[in-house]
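Residue numbers count from 1 along this sequence.
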Amino acid sequence: MKVLIPVDGSEAALAAVRHVLALRGAGLQAESVLVNVQETASLYEMVVVHDAEAMQRAADQAGAHLLAPARELLEAAGAPCEAMVATGETVAMLIETCERQRADLIVMGARGVGSVRGALLGSTSQQVTQRSPVPVTVVHVQPTASD
């Protein structure tokens with residue numbers, strides 16, 4: 001089984017990784033694909049920087065930095081994983097990556113907060129759940145005092 005785990009550097013994303021490790025501990029034979037989605041450069045960034053390759057390198061480095069703690073958790077547990085950085089609209093890229101990687105399941109974290117904006121637009125986890133071609137497990141994490 002192949003499990004896609006979106007990683008954004010949050011504690012919720014790490015909770016999703018820990019959930020997958022718990023499933024593996026219970027006997028699930030799965031390999032994990034970690035993915036971080038970086039936003040496409042804004043028009044302002046393109047005008048100021050003038051170097052698309054430099055902007056992509058910066059996005060790749062930022063994504064790799066955010067993926068590192070999740071990758072370390074999996075590797076420390078001896079769990080096979082692949083890590084990748086995608087660029088684009090978050091939900092669309094997660095669905096595309098799921099399909100391209102032929103994932104059987106998406107496990108993603110979600111903070112236990114809500115807002116009027118979130119209710120109107122829908123959180124990333126809600127949108128992925130609605131659009132995913134495979135089952136989605138959402139691991140909820142209660143917000144801390146700093147959230």
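The CD atom of Q38 lies 10.5 Å from the CD atom of Q61; values are rounded to the nearest 0.5 Å. Summarising the geometry, atom CG belonging to L34 is positioned 12.0 Å from atom OG1 belonging to T97; distances are rounded to the nearest 0.5 Å. A distance of 13.0 Å separates CG of L23 from CD of Q29, quoted to the nearest 0.5 Å. One finds the CD1 atom of I106 at 8.0 Å from the OG1 atom of T129 (value rounded to the nearest 0.5 Å). Rounding to the nearest 0.5 Å places CD of Q130 at 7.0 Å from CD of Q126. The CG atom of L4 sits 9.0 Å away from the CG atom of L105 when rounded to the nearest 0.5 Å.
At a threshold of 4.5 Å between side-chain heavy atoms, the hydrophobic network of Ile, Leu, Val, Met, Phe, Trp and Tyr places V134 and V139 in two separate groups. V138 and L21 are not part of a single hydrophobic cluster, where members link through side-chain heavy atoms under 4.5 Å apart. The same ILVMFWY cluster, assembled from side-chain heavy atoms under 4.5 Å apart, contains both V136 and V35.
Side-chain contact between T124 and M108 is present, with at least one heavy-atom pair separated by less than 4.5 Å.
Of the possible donor and acceptor atoms, none in the side chain of S132 sits under 3.5 Å from a partner among the backbone N and O of P135. A distance-only check finds a donor-acceptor pair linking the side chain of D104 to the backbone of K2 [under 3.5 Å].
Residues G88 and V37 share a closest heavy-atom pair of O-CG1, 3.5 Å. The minimum heavy-atom distance linking R131 with A92 is given by the pair NH2-CA, 3.9 Å. Nearest heavy atoms, C81 versus L74: CB-CD1, 3.7 Å. Across L66 and G9, no two heavy atoms sit closer than the pair CD2-CA, 3.8 Å. Heavy atoms only, all atoms of each residue included: S125 and A110 are closest at OG-CB, 3.7 Å. Looking at every heavy atom in both residues, V141 comes nearest to A15 through CG2-CB, 3.4 Å.
With respect to the salt-bridge test (charged N to carboxylate O, under 4.0 angstrom), the residues R18 and E11 qualify.
A side chain to side chain contact (heavy atoms under 4.5 Å, CB included) with I5 is found for exactly one of V17, V33, L67, namely V17. The one candidate from V91, V107, L94 that meets the side chain to side chain contact (heavy atoms under 4.5 Å, CB included) condition with P6 is L94.
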